[in-house]
Student: 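The structure under discussion is supplied below as structure tokens; questions concerning it will follow.
Reminder, nothing fancy here: chain letters follow the sequence lines and each chain counts from 1.
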Protein chains: 2
Amino acid sequence: MKFILRHKLSILYGIALAVLLLVLKWLEIKFIIYDHSLEVYIGAIALLFTGLGIWLAIKLTKPQVQVVEKEVYIHTNGDFVFNEKAFEKTGMSKRELEVLELMAKGRSNQEIADALFVSLNTIKTHCSGIFFKLEVKRRTEAVETARRIGLIP
Amino acid sequence: MKFILRHKLSILYGIALAVLLLVLKWLEIKFIIYDHSLEVYIGAIALLFTGLGIWLAIKLTKPQVQVVEKEVYIHTNGDFVFNEKAFEKTGMSKRELEVLELMAKGRSNQEIADALFVSLNTIKTHCSGIFFKLEVKRRTEAVETARRIGLIP
DNA sequence: ATCAATTTCACCCGAAAGTATGAATGTAAC
DNA sequence: GTTACATTCATACTTTCGGGTGAAATTGAT
């Protein structure tokens, strides 16, 4: 079942191809066996596969994604308010947020590990998750982004 | 979310393998029908016109553009005032402040070097100076301290 | 119960950051 | 002119960070 779901597109293409081959065979019988002109057959093939090509191209070409940045101004009256919506949009976990907070305070991974009573490797894993979800490459960048979208003061 | 992160490469390998299998299957089909010259001819026609169809579709259809709106949060807490007194107390130079500002934006040393048209080593030297004068050990800590004492927004 | 996500941890490796030291400029002050 | 400091750059070395992978335990929801 999972296999079917996962290969939905491939299966669809496979079925389409099979149907096409059937049509081909049918055309062959109709035009060759009854000795009508070969050229009509070839023409039909050409037309059919031109259509297939067009269909394939339309189906398979990815639509170009144009990202339009919509600026959202947030008024902060000095006090920090946690942006719940932004947090959910990132898909970050509670633990990752904890790590992020300590990160923003300038703590090293080792210090964060000690503070949360877990191993250094665990913190590294959390960091990777944070960077991926915030779409950044470095911890300083992560802190900047997190501050901008209202995850940390 | 984490699943994708963890198996990014594996998924790519999977796709590559799938493509390879497809190619193999295609070759098989090609050689099975090899001994029927008419069918080879028909196949060539089919292939040719499929290509034509694809070409036509790509050439003639206007590129479909999918617009994705991305919200960019901007805090309008604009009441940042540079703390001149704190700045002088640190004994930092103008150049070091420049570096600090870029550092706070999450830039890497190399990126800062490129932005200021100096070498990476120079930036490292400046960083050392900044850390010494702010009495910190890491760049994230430096950013936190600088923000706290009012050197950067 | 089982399935997905979370949290935890480990290992390897390469890249980036940071330390230490020395040195060549340029510039402003004394 | 020399003293002091800012700016620039280099080399060598250590530490930290981050990517990629695999895996076990736990939790939460259906």
Student: Is the backbone of A:Thr140 close enough, under 3.5 Å, to the side chain of B:Arg139 for a donor and an acceptor to pair up by distance?
Tutor: no

Student: Taking only the side-chain nitrogens and oxygens of A:Asn121, find out if one of them lies under 4.0 Å from OP1 or OP2 of C:dA10.
Tutor: yes

Student: Look at the side chain of A:His126 and decide which nucleotide, out of C:dA16, C:dT8, D:dC17, has an atom nearest to it.
Tutor: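 Given the options C:dA16, C:dT8, D:dC17, the side chain of A:His126 is closest to C:dT8.
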
Student: Indicate whether OP1 or OP2 belonging to D:dG18 is found under 4.0 Å from a side-chain N or O atom of A:Arg139.
Tutor: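 Checking A:Arg139 against D:dG18: at least one side-chain N or O falls below 4.0 Å of OP1 or OP2.
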
Student: Rounded to the nearest 0.5 Å, what separation is found between the CD atom of A:Glu135 and the CD atom of A:Glu141?
Tutor: 10.5 Å

Student: Please state how far atom CZ in A:Arg107 lies from atom P in D:dC17, giving the value in whole angstrom units.
Tutor: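 My rounded result for the distance is 13 Å.
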
Student: If you pin B:Lys94 and B:Leu120 to their nearest nucleotides in DNA chain D, which one's is more 5'?
Tutor: B:Lys94

Student: Round to the nearest Å and state the distance from A:Ile123 atom CD1 to D:dC17 atom P.
Tutor: 11 Å

Student: Taking CG from A:Leu97 and C1' from C:dT7, how many angstroms apart are they, rounded to a whole number?
Tutor: 15 Å

Student: Which whole-number value in Å describes the distance from A:Glu135 CD to D:dG18 C1'?
Tutor: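 Rounding to the nearest Å, CD of A:Glu135 and C1' of D:dG18 are 18 Å apart.
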
Student: Can you tell me how far P of C:dT6 sits from CG of A:Leu116, to the nearest Å?
Tutor: 18 Å

Student: Could a donor-acceptor pair under 3.5 angstrom be found where the side chain of A:Thr125 meets the base of C:dC9?
Tutor: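 Flag set: donor-acceptor pair detected.
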
Student: For A:Ile149, does its backbone N or O pair with a side-chain atom of A:Asn83 as donor and acceptor, under 3.5 Å?
Tutor: yes

Student: Counting only heavy atoms not in B:Lys105, do more than 12 sit closer than 6.0 Å to its NZ atom?
Tutor: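 Incorrect, the count does not exceed 12.
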
Student: Determine the contact category for B:Ser128: base if any of its heavy atoms lies under 4.0 Å from a base atom, sugar-phosphate if only primed atoms, P, OP1 or OP2 are that close, otherwise nothing.
Tutor: base

Student: Given atom CD of A:Glu98 and atom C1' of C:dT7, what is their separation to the nearest angstrom?
Tutor: 11 Å

Student: Given atom CD of A:Gln110 and atom C1' of D:dG18, what is their separation to the nearest angstrom?
Tutor: 15 Å

Student: For the side chain of A:Asn109, counting heavy atoms from C-beta on, which of C:dA10, C:dT6, D:dC17 is nearest?
Tutor: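 It is D:dC17.
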
Student: When the nearest nucleotide of DNA chain D is assigned to B:Phe117 and to B:Lys124 on a heavy-atom basis, which residue is associated with the more 5' position?
Tutor: B:Phe117

Student: Write down the distance between CD (A:Glu141) and C1' (D:dG18), rounded to a whole number of angstrom.
Tutor: 13 Å

Student: Distance check: side-chain N/O of A:Arg95 vs OP1/OP2 of C:dT8, anything under 4.0 Å?
Tutor: yes

Student: May I ask you to check whether over 12 heavy atoms, not counting those of B:Phe82, lie within 6.0 Å of atom CZ?
Tutor: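 Check passes, neighbour count above 12.
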
Student: Checking only heavy atoms, does the side chain of A:Ser108 share a donor-acceptor pair with the base of D:dC17 at less than 3.5 Å?
Tutor: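 Flag unset: no donor-acceptor pair detected.
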
Student: Quick one: is B:Thr122 getting a side-chain N or O under 4.0 Å of the D:dC9 phosphate, OP1 or OP2?
Tutor: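 True: B:Thr122 side-chain N/O within range (under 4.0 Å) of D:dC9 OP1/OP2.
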
